[in-house]
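In what follows, chains are A, B, ... by sequence order, proteins preceding strands, each numbered from 1. Being a predicted model, the structure only gives us computed values, none of them experimental.
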Amino acid sequence: MFAQVIVDVAAYPVDRPFDYRIPESLQTVLEVGSRVKVPFGPRNVLGFVVGIRAETDVPTNKVRNISEVLDVEPVINAELLQLAKWLKHETICFEIDALQLMIPSALRAKYEKRVHLHVASEQLPPMLQTVFGTKTTAPLQQFEKAGALPLIKQALRLGHVTIENVVKQQGKVKTERYVFIESDVEKLVAIHDSVSKQAKKQRELIAWMQQHAGQMYKPADICEVTNIGVAVLHSVIERGAATFVSQEVYRDPFTKDVHKTTNLQLTDEQDLALLAIQKKLDAQQAHTFLLHGITGSGKTEIYLQAIEQVLAEGKEAIMLVPEIALTPQMTERFRSRFGEQVAVMHSGLSTGEKYDEWRKIQKGEVKVVVGARSAIFVPFTNVGIIILDEEHESTYKQEDVPRYHARDVAVWRSQYHNCPVVLGSATPSLESFARAKKGVYTLLTLSERAKQQSLPTVHVVDLRAELASGNRSMFSTVLVDAMRSRLARREQIVLFLNRRGYSSFVLCRDCGTVVQCKNCDISLTYHRTNENLKCHYCGYEEMLPQQCPSCQSEHIRYFGTGTQKVEEEIHKLFPEARVLRMDVDTTSKKGSHEQLLDAFGNKEADILLGTQMIAKGLDFPDITLVGVLSADTSLHLPDYRAAEKTFQLLTQVSGRAGRHDKPGEVVVQTYTPEHYAIELAKAQAYVPFYEHEMTQRRRSGHPPYYYIALVQISHEDVMQTIRYAQEMADWLRMHLPQSVRILGPTASSIARLQNRYRYQCLIKYKIEPTLIPTLHALIAMYRAEWAKLGVQLTVDLDPSMI
DNA sequence: AGCACGCCGACT
DNA sequence: GTCGGCGTGCTC
């Protein structure tokens, strides 16, 4: 028997199955979808079994044996194997990269090189002896750190040592030690009587155990209940009155308990939407819905009730949310409805926690998963519904390989499982709304807020007029007045700082120099915490300069409106106000996000100040004022989606106010109040915005009128980069039909990254079946000719940033 | 991708 | 003479 294995080497020439002989002893164990350890050339690597056959075309002298099977139960099921193949083709990635998406990172391989000693250590140079110590094996890394690499090479030549590639496997199952009390009471009595009468404590403990025969306790609990020390417990266990057992436990990612809730009364609109979804659930049909509901219209309740039906039918549900920002409040809602059946999956969990949640899903112990993008790959086998909340969010698109979009994967899986997909949003992406209008998706609309609250009143303040009247602060008089009245009424305020594409940089006020990364064409970001400058792309760091690097002026200082600066201003205006600041600095620690939100929910602060991360999901009854400090920072980005993103942001933020009994008010400060994105967001008019934006997109030939693909060339030398980019553009123009528009080559928006220059072509196309095959051919050509010349090529279909 | 193999310059 | 530079080619 032979196994077809995709090896854990992400490279073009090995991106295909390799055949290995399955040794007799493993034939009954090995299944398709399991991980195996195999020899590959001179090293050992991990691989995934993607097929098992009786024959092989590979000459027998070349076929090698599988060395080890790592999973008795396959980690990737048939559906996900198929999905990986689809992803490989659609996103143009290596199959191994697609397969890695399907398993938690705890199960991914780690490799280590170990040096083995074969002679008496006295024969070695002293330096090597110290690293080995008394052991005969040590990681190569330790020799590297000691600077002993040349000595190792020498020892290697002499045959004194060998180097072995070890595949390390994480995925530790957490266990806890429990005390299992002997179940035979007679036996306990016998033990009790055998203990000398002087050992009072021991006799006391055994007597207690007689009352709890056959039960299991944590050691600490026994000690606490009986008020007897651990030492005594140990001696009693030694006498055989109880045994230690290891129990597999799950790491618990939930930090607090929840109260059970039941279904809420639905409005007529909600009922209608739910009914439409339920019809497809009953019919077991793959179908995509776009649930367009204004903020506060109760989309989540529809999700919950649809999932309830799915669970009643014994099926599973996948609920995707954009990012951690949403998960605490959202998961809480799901847990309070479905209790222990819910698993969570997001980047805030540790590797171990993610692994445990994944195992619960794999074993069928949970039926609902609430998670971020990657949760779309959970190994459920009977999916009944897939929901993407805030479907317009760009976080659903992965920015590095495999560059997949969770929405596309959701649709694929829904077809596999014959189940509906629900895309929910208050501000759907133009792509989705256009598809709904064309009838590809079914549009479900919620136009009223669930509790009949009126939408908040939105005031747009013209900052130009404000400036003309002499107010140079970042707060307009309207906003200050509104804040003052809320503070007086002890209501809560949310202040939103729109900083998209904008960060704190360091600028010389004499010559205008902005300190840039030496590897990338990007300004360095100022970090107040350790007073340094950091490149967000390559991680390069340097100290804050005292002098301008180009003109030596000392007038060099930190610039940009950070949240800290706003906080200082608030303190000047309202010294008594309690401010909670939420940004990368205050939320970097695990769980801090949740803590801050909890604190705000408990009214421990009057003002919540933050960036994008507070735009979504916040739902507190006492928020009656939302202030947007500068609406237009996201409006003037070189991105065709700038207006759409601004509209979405303003609508989302406004939706935070007045969700409960008290009416809400929103103050939007801007330098361009006449811009349609701002005017229409003020009116909360999605459809008019959609119509307006669509005419713009049609005129400029942008999505959704065209699909786009981005092909990028990078090289260490500018001239070479331009040359190959031009060659690529010519090649594409020659091989793609006339109807496909190829723009460029042009320099990428970040023209240099990690010392590589970047040029790109933008491909615009309508439905074009030849595109993917042509791109595959381009890559094949590049691999054959350019790769060795130091050229790098990347392809991103449907990029979210261009 | 990694690693071995293999063929040419500068060092003990 | 050997060490080590990195071009070339293979991995079941």
| said: Rounded to whole Å, please give me the gap between CZ in Arg53(A) and C1' in dC12(C). | reply: 11 Å
| NA contact type, Lys113(A), heavy-atom cut-off 4.0 Å: base, sugar-phosphate, or nothing? | sugar-phosphate
| message | Rounded at 0.5 Å granularity, tell me how far CD1 in Ile772(A) sits from CG in Leu797(A). | response | 5.5 Å
| query | Does Ser748(A) offer a backbone N or O that forms a donor-acceptor pair with the side chain of Arg758(A) under 3.5 Å? | reply | no
| message | Of the listed nucleotides (dT11(C), dC12(C), dC3(B)), which one gets closest to any side-chain atom of Arg16(A)? | response | dC12(C)
| query | Heavy atoms under 4.0 Å, any strand shown: does Arg64(A) hit a base, just sugar-phosphate, or nothing? | reply | sugar-phosphate
| request: Would you verify whether the NZ or CZ of Lys766(A) falls within 45 degrees of the ring axis of Tyr706(A) while also being under 6.0 Å from that six-membered ring's centre? | output: yes
| task | Mind checking Pro39(A) for me? I need base, sugar-phosphate or nothing, with any heavy atom below 4.0 Å counting as a touch. | result | sugar-phosphate
| said: Over all strands shown, is Val63(A) touching base, sugar-phosphate only, or nothing at heavy-atom distances under 4.0 angstrom? | reply: sugar-phosphate
| message | Over all strands shown, is Phe40(A) touching base, sugar-phosphate only, or nothing at heavy-atom distances under 4.0 angstrom? | response | base
| query | Contact class for Asn165(A) vs. all strands (heavy atom < 4.0 Å): base, sugar-phosphate, or nothing? | reply | sugar-phosphate
| request: Please test Phe132(A) against Phe143(A) for ring pair (Phe, Tyr, Trp, His ring centres under 6.0 Å), starting from the C-alpha separation and ending with a verdict. | output: CA-CA 9 Å; Phe132(A) 275 118; Phe143(A) 294 97; 5.1 Å; yes
